Amino acid sequence: MAYDRSEWSRHYDEGKGFRPLRDVERGLFARHTPTPDGGRALEVGCGTGELAAHLAELGYHVDGVDFAEGPWRAPARCTRAPRVSAGCVSTSSTTSFR
C-alpha cells in the first residue's frame, strides 16, 4: 500500500502509530551500532522520531526527516530529545520543527 503525504499526516492525526521499538531491537542497535566520537545518524521517514530518540540516547547526534506533517503534531513525538534535530521535507519547502 502506498500512502501520499496527506494520508500519512492523517494516519498520525487520527492517533495511529506503529509498533514501538522492542527491547530486542534496542539491544541490537546498542550492540551493533557503537557510537563513534562525534557520531551522526540520519533517519529518513522518522515519523514521531522514536528511533531517532533511541539513537540519541546511545550518543549519536541525529537528524530526522519526514515528508508528512502529521507525526510532528502527534503527542507521542520523540523528536524533542536532546541531540535530535528534525524537520518536515516536501518537494516545495523544508520546515524545521526544532
Side-chain angles (χ1 to χ4, degrees):
M1 170 184 355
Y3 274 23
D4 66 18
R5 184 178 188 179
S6 64
E7 289 170 316
W8 277 118
S9 288
R10 188 169 42 257
H11 175 92
Y12 285 99
D13 288 341
E14 292 173 353
K16 297 176 185 173
F18 296 94
R19 161 183 80 67
L21 284 176
R22 296 180 182 156
D23 288 340
V24 67
E25 294 158 332
R26 291 175 185 277
L28 285 169
F29 275 107
R31 194 166 36 259
H32 296 290
T33 58
T35 310
D37 288 339
R40 297 197 63 83
L42 171 64
E43 185 183 3
V44 178
C46 66
T48 60
E50 181 185 13
L51 177 57
H54 178 65
L55 291 172
E57 289 172 7
L58 294 176
Y60 283 91
H61 293 273
V62 184
D63 294 308
V65 294
D66 205 301
F67 81 133
E69 295 175 359
W72 310 108
R73 296 187 291 265
R77 189 176 124 213
C78 300
T79 55
R80 294 183 180 101
R83 292 191 302 274
V84 175
S85 298
C88 185
V89 178
S90 74
T91 56
S92 61
S93 67
T94 301
T95 305
S96 176
F97 291 91
R98 174 104 168 161

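FYI, the numbering just counts along the sequence from 1. Quick caveat: nothing in here was measured; it's all calculated off a predicted structure.
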So, using side chain to side chain contact (heavy atoms under 4.5 Å, CB included) as the criterion, who are the partners of Val24 when residues are at least two apart?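 Result, side chain to side chain contact (heavy atoms under 4.5 Å, CB included) vs Val24: Arg22.
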Between Ala56 and Val84, which heavy-atom pair has the shortest distance, and what is it?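 Here Ala56 and Val84 meet closest at CB-CG2, 3.6 Å.
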Minimum heavy-atom distance between Gly64 and Cys46, given as atom pair plus value: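 Residues Gly64 and Cys46, closest heavy atoms: C-SG, 3.7 Å.
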A side-chain contact here means heavy atoms from C-beta on lying under 4.5 Å apart; do His54 and Leu21 qualify?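 Heavy-atom side-chain distance check passes, below 4.5 Å.
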Rounded distance [0.5 Å steps], CZ in Arg26 versus CG in Leu55: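 Nearest 0.5 Å value for the CZ-CG distance: 10.0 Å.
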Interatomic distance, Phe67 atom CZ to Ser6 atom OG [nearest 0.5 angstrom]: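 Rounded to the nearest 0.5 Å, the CZ-OG separation comes to 8.5 Å.
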Less than 3.5 Å apart, which donor and acceptor atoms pair up between the side chains of residues 27-35 and the rest of the protein, not counting sequence neighbours?
residue: Thr33; atom: OG1; partner: Phe29; partner atom: O; Å: 2.3
residue: Thr35; atom: OG1; partner: Leu58; partner atom: O; Å: 2.6

Could you go through the salt bridge (Lys or Arg N to Asp or Glu O under 4.0 Å) check for Glu50 and Arg19 one step at a time? CA-CA 10 Å; Glu50 181 185 13; Arg19 161 183 80 67; over 6 Å; no
